[in-house]
K.L.:
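The structure follows.
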Amino acid sequence: MESLINDIKKYEEISEQLEINLFDRKFLLDKISIFANDFIEKLPNLRSYTSKEINHKKISIDNNTKSIDEIINIYNDEVIESGIVAASGGHVGYIPAGGIYASSLADFLAAVSNEYAGVSFASPGAVAIENEVLNWLKKVFSFPEDAVGNLASGGSISNLIALTAARDKHKIKNEKIPKSVIYLSDQAHHCIKKSLRIIGLEDVILRYIELDDDFKISVEALKKQIQIDKNEGLNPFLIIASAGTTDVGVIDPLDSIAQIAKENNLWFHIDAAYGGFFVLTSKKHLFKGIEKADSIVVDPHKGMFIPYGVGAVLVKDAKAVLHSNLYTASYMQDAIPKDILENPTNLSPELTKHFRGLRIWLPLQYHGIESFIACLEEKLLLTEYFREKLVEMGFKVGPKPDLSVSYFWYPREKNQNEFNKKLMEYIHKDGSVFLSSTSLKGNFVIRMAILSFRTKITTIDRALSMIKNSLNNTFQELSA
Ligand SMILES: Cc1ncc(COP(=O)(O)O)c(C=O)c1O
């Protein structure tokens, strides 16, 4: 026994290092806080994009310990100074958000107290906050109180949860799979197809419905196709629409699609990961019908400017979600709540989960919703401003977007795609503002996605002057 105790003490002396003492905690937090504040202050002057080779040796894990200063330096050199500065307002590509500071404080709190947000027995307070955020989202989207939801890691997993519920509600399995039909647009985000593969629906029939000139699902074409499929003895079961497409930022005609879904007894899913929170703005009318969906996805790490790592799904049919996610095990017998819908783990593939609710709840409590809404309205107007200025510079722009994503290109009689590709290269080389590109109907176009809470009119002016220089460089290179 004595030798056992001695051995325990020997290890305790070393393992105790993991519990940092009060003095060192203050010291470390101060260092991190100074770095974080410097970073935020420097942001307006940082390039938004830098193409840089990572020094893998510098980040390699060996048995040597490092000081906090060394660690922060590595973080700065290898993480901050490479790729897109996603916290910058100059991130105007893909789908930005910025990452509000209040959320990072929430993450710090959640990590320090290490709340277990999967089951209410473990942390009733944390689970109550997760569920309060979901209840708030139900009100935002006029979903019924008895709808269920989950705060997942992002839009991809949120879509996966919703599509799995649709699959299980309509019992799409075994020999039914190859006869079952899903209707969607080719503008649907690629995570939808990825989810379908993951959940065993790779072999369903995907009908890409004709789009109108604004890249929205044609209601007539959808109706016709469903009828054709029914006549052929197929099994239509799901329509997927977007409320804010990634490429062009448009909202499908939700209300009419909801009507078609109802008439044909199909599950209606809306991916509002990017655009959903614009329902709080003057664009509310474009979302008419969203409340009629069976399931929706909306990403707080997009339209609420929360740092990466939280998406949300709402589903009306609780039974369908429970079908794929409700499991118990003997080691969980203490943790079964009176209401099985209370536990996030029963509504998602995750058991242990990050306490994501706090990163939304804390900022909402601290800032109130009005500042978020003003920020979204500002982004809509900045999109208009950017487009008008581009037209003045001789660019062509895509159709007037519903929200804050749009695209443009420089018109050329010959080799237009090559010209715009070269222009994109110059824009990336400059990097003062980051834009990304896409292909639409065979045309290479440059995308703007204005959604970072830090994107201001000064950012757009900076982007315009960068584009002007890049355009001159492109002309020079291609005429040389
Ligand atoms: C419309 C839409 N749906 C889904 C996703 C995927 O979300 P995430 O990257 O959070 O997984 C995105 C990402 O940009 C998106 O724009």
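Positions are given from 1, in the same order as the sequence printed here.
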K.L.:
Quick test of your reading of the model: are E378 and K456 salt-bridged, counting only N-O distances below 4.0 Å?
P.N.:
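Yes, charged N to carboxylate O under 4.0 Å.
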
K.L.:
Applying salt bridge (Lys or Arg N to Asp or Glu O under 4.0 Å), run through E291 and K138 and close with a yes or a no.
P.N.:
CA-CA 9 Å; E291 71 288 351; K138 286 181 217 168; over 6 Å; no

K.L.:
Does anything in residues 421-431 form a salt bridge (Lys or Arg N to Asp or Glu O under 4.0 Å)? List the pairs, not counting sequence neighbours.
P.N.:
K422-E425, K422-E477

K.L.:
Under the rule for ring pair (Phe, Tyr, Trp, His ring centres under 6.0 Å), what residues qualify as partners of F305, not counting sequence neighbours?
P.N.:
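Applying ring pair (Phe, Tyr, Trp, His ring centres under 6.0 Å) to F305 gives none.
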
K.L.:
Run the salt bridge (charged side-chain N to carboxylate O under 4.0 Å, His left out) test against R387 and tell me which residues pass, sequence neighbours left out.
P.N.:
none

K.L.:
Side chains of T246 and Y94: any donor to acceptor distance under 3.5 Å?
P.N.:
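No, no side-chain donor-acceptor contact under 3.5 Å.
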
K.L.:
What pairs meet the salt bridge (Lys or Arg N to Asp or Glu O under 4.0 Å) rule with one or both residues in residues 96-120, with sequence neighbours excluded?
P.N.:
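The answer is D107-R359.
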
K.L.:
Kindly compute the distance separating OG (S439) from CZ (R447), expressed to the nearest 0.5 Å.
P.N.:
12.0 Å

K.L.:
Please walk me through it: do S404 and Y274 pass side chain to side chain donor-acceptor pair (under 3.5 Å)?
P.N.:
CA-CA 10 Å; S404 66; Y274 149 61; 2.8 Å; yes

K.L.:
Got a sec, which pairs hit salt bridge (Lys or Arg N to Asp or Glu O under 4.0 Å) with one end in residues 144-162, sequence neighbours left out?
P.N.:
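Matches after skipping sequence neighbours: none remain.
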
K.L.:
Taking side-chain contact (heavy atoms from CB on, under 4.5 Å) as the test, write out the residues that go with L286, two or more places apart.
P.N.:
I251, K283, D402

K.L.:
Show every salt bridge (Lys or Arg N to Asp or Glu O under 4.0 Å) that has at least one partner inside residues 148-172, sequence neighbours left out.
P.N.:
K169-D317

K.L.:
Using 30° and 60° as the class limits, which term best fits the ring planes of Y308 and H301: parallel, tilted or perpendicular?
P.N.:
perpendicular

K.L.:
Taking only residues two or more places apart in sequence or in another chain, which ones pass side-chain contact (heavy atoms from CB on, under 4.5 Å) with I205?
P.N.:
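By the side-chain contact (heavy atoms from CB on, under 4.5 Å) rule, I205 matches V181, R207, L234.
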
K.L.:
Write out all pairs satisfying ring pair (Phe, Tyr, Trp, His ring centres under 6.0 Å) with one or both partners inside residues 375-402, taking only residues at least two apart or from two chains.
P.N.:
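Passing the test, one end in residues 375-402: F395-F408, F395-Y410.
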
K.L.:
Once ring pair (Phe, Tyr, Trp, His ring centres under 6.0 Å) is applied, do any residues pair with H91, and if so which ones, sequence neighbours excluded?
P.N.:
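Only F434 meet the ring pair (Phe, Tyr, Trp, His ring centres under 6.0 Å) criterion with H91.
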
K.L.:
Salt bridge (charged side-chain N to carboxylate O under 4.0 Å, His left out) with K288: which residues, sequence neighbours excluded?
P.N.:
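By the salt bridge (charged side-chain N to carboxylate O under 4.0 Å, His left out) rule, K288 matches D255.
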
K.L.:
Please list all pairs passing the ring pair (Phe, Tyr, Trp, His ring centres under 6.0 Å) test where one or both residues lie in residues 238-269, with sequence neighbours left out.
P.N.:
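Matches after skipping sequence neighbours: none remain.
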
K.L.:
Less than 6.0 Å separating the ring centroids of F419 and F475?
P.N.:
yes

